[in-house]
Amino acid sequence: MNNAKALLSLVQAFFEDYLAAQRGLSSNTILAYRDALKLFLSFLASSSGKPPAQLRLDDLKAESVLAFLEEVEQKRKNCTATRNLRLAALRTFFQYMIAEDTIRSGQYQKIVAIPLKRSPRPVMSYLDIGEVQTVLDSLDRNTPTGSRDYALFSFLYNTGARVQEVVDATVGAVRFNAPPIVTLKGKGSKTRIVPLWQTTATTLHEHLKQRGVEKQMDAVYS
């Protein structure tokens with residue numbers, strides 16, 4: 001078997017024997033691997049000037065994979081996540097090739113060692129005061145659900161509490177007399193005391209009264 005036929009036979013065995021029979025991957029996963037390898041071999045054929053059927057095992061080099069990944073991002077305009085998915089599929093194929101073609105295992109190992117590219121983290125965004133007020137104004141405080149949501153969003157906006165901190169907060173954690181505060185329990189059972197705006201304390205107090213929650217108050221709210 002010549003070098004070109006060996007490549008085609010190994011590609012076929014990779015999909016039929018390794019991915020399907022040995023690893024039992026789903027058809028969708030196998031199709032994703034197929035698309036990645038097909039794109040790579042098409043790129044390799046185009047860049048080398050050879051028909052795909054004449055590609056040889058010696059053509060499978062790390063430099064070619066890196067050039068392919070560059071094209072995926074620059075010419076095909078794929079995002080970093082797509083680029084990494086293509087690379088992950090190729091790394092699986094070349095891990096298989098290391099065992100099947102030990103003579104060239106060194107060049108395959110260089111491909112497997114190509115790292116995934118880190119995606120830039122999105123910049124944390126936030127609502128400005130006007131946007132927060134728009135959210136609050138959209139709530140119908142005349143309904144039980146609207147009253148609850150208004151109190152909840154006001155509390156979140158005031159304290160910057162995590163969701164779990166709000167879930168764990170109790171009525172007893174709030175001091176309504178001046179100056180109003182709330183004691184929150186965070187990660188590792190660490191507690192922190194957060195001042196409450198008077199408007200937030202009043203909103204919470206009114207909502208508790210609507211819910212019929214009894215609590216001794218040290219101050220009278222107008």
Side-chain angles (χ1 to χ4, degrees), residues 23-26 28-29 31-32 36 69-70 72-74 76-89 91-92 113-222:
R23 294 190 57 181
L25 298 183
S26 69
N28 286 337
T29 301
L31 286 174
L69 296 174
E70 182 73 13
V72 165
E73 287 192 284
Q74 300 301 323
R76 299 180 67 88
K77 304 300 182 183
N78 291 156
C79 64
T80 300
T82 300
R83 180 257 192 202
N84 286 340
L85 289 173
R86 302 300 191 199
L87 175 57
R91 285 164 67 175
T92 300
I114 296 174
L116 298 175
K117 189 173 184 178
R118 296 184 63 178
S119 300
R121 294 186 177 182
V123 177
M124 183 67 70
S125 60
Y126 58 91
L127 300 178
D128 60 32
I129 295 175
E131 291 171 330
V132 172
Q133 193 59 53
T134 298
V135 172
L136 293 174
D137 291 343
S138 69
L139 302 172
D140 184 0
R141 300 178 65 183
N142 294 318
T143 66
T145 300
S147 174
R148 178 204 63 194
D149 291 347
Y150 189 91
L152 176 61
F153 281 113
S154 297
F155 184 78
L156 285 167
Y157 177 49
N158 182 163
T159 62
R162 301 183 184 91
V163 172
Q164 191 59 50
E165 289 178 322
V166 176
V167 171
D168 293 339
T170 63
V171 175
V174 182
R175 188 183 75 182
F176 288 95
N177 59 305
I181 59 173
V182 60
T183 302
L184 299 173
K185 181 178 292 186
K187 294 182 178 179
S189 297
K190 294 181 180 179
T191 59
R192 59 191 180 98
I193 298 175
V194 182
L196 292 177
W197 302 324
Q198 188 59 58
T199 53
T200 305
T202 301
T203 297
L204 290 173
H205 179 238
E206 291 175 350
H207 179 65
L208 292 174
K209 287 176 61 178
Q210 292 174 4
R211 292 289 303 276
V213 178
E214 297 293 334
K215 182 175 174 62
Q216 294 295 323
M217 311 298 295
D218 296 322
V220 176
Y221 293 89
S222 56

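Just so you know, these numbers come straight off a predicted model, no measurement behind them.
Not a single ring pair (Phe, Tyr, Trp, His ring centres under 6.0 Å) links Tyr150 to another residue, sequence neighbours left out. Remark: Arg76 pairs with no residue by the salt bridge (charged side-chain N to carboxylate O under 4.0 Å, His left out) rule, at least two apart or across chains. Checked against salt bridge (charged side-chain N to carboxylate O under 4.0 Å, His left out), Arg141 has the following partners two or more places apart in sequence or in another chain: Glu206.
Between Asp140 and Thr143 the shortest heavy-atom distance is O-OG1, 3.0 Å. The two residues Ser138 and Val135 make their nearest non-hydrogen contact at OG-O, 2.6 Å. Smallest separation of non-hydrogen atoms from His207 and Ser147: ND1-OG, 3.2 Å. Counting all heavy atoms, side chain and backbone alike, Ile181 lies closest to Pro195 at CG2-CA, 4.1 Å. For the residue pair Arg192 and Val194, the shortest heavy atom distance occurs at NH1-CG2, 3.5 Å. Minimum heavy-atom separation, Arg86 to Ala32: NH1-O, 4.4 Å.
If you take OG1 on Thr92 and CG on Leu25, they are separated by 8.5 Å, rounding to the nearest 0.5 Å. A distance of 11.0 Å separates CG in Leu208 from OG1 in Thr203, rounded to the nearest 0.5 Å. Remark: Leu87 CG to Thr80 OG1 distance equals 12.0 Å, nearest 0.5 Å. In this structure, the separation between OG on Ser154 and CG on Leu204 is 7.5 Å, given to the nearest 0.5 Å. A distance of 11.0 Å separates CD in Gln198 from CG in Asn158, rounded to the nearest 0.5 Å. A distance of 8.5 Å separates CZ in Arg148 from CZ in Arg211, rounded to the nearest 0.5 Å.
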inquiry  = Run Leu184 and Thr191 through side chain to side chain contact (heavy atoms under 4.5 Å, CB included) and show every step you take.
reply    = CA-CA 5 Å; Leu184 299 173; Thr191 59; over 6 Å; no

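A donor atom on one side chain and an acceptor atom on the other are not found under 3.5 Å apart for Thr199 and Thr202.
Inter-residue side-chain proximity for Arg175 and Pro180 is flagged as unmet; no heavy-atom pair is nearer than 4.5 Å. Side-chain contact check for Lys117 versus Glu73: some heavy-atom pair is nearer than 4.5 Å. Between Val174 and His205 there is no side-chain heavy-atom pair separated by less than 4.5 Å. Here the side chains of Val182 and Ile193 are not in contact, with every heavy-atom distance at 4.5 Å or above.
Judged by distance alone, with hydrogens and angles left aside, the side-chain atoms of Thr200 form no donor-acceptor pair with the main-chain N or O of Leu196 at under 3.5 Å. Using a distance-only test at 3.5 Å, with no hydrogens or angles considered, no donor-acceptor pair links the side chain of Gln133 to the main chain of Gly130.
Checked against the 6.0 Å centroid criterion, the rings of Trp197 and Tyr157 qualify as a close aromatic pair.
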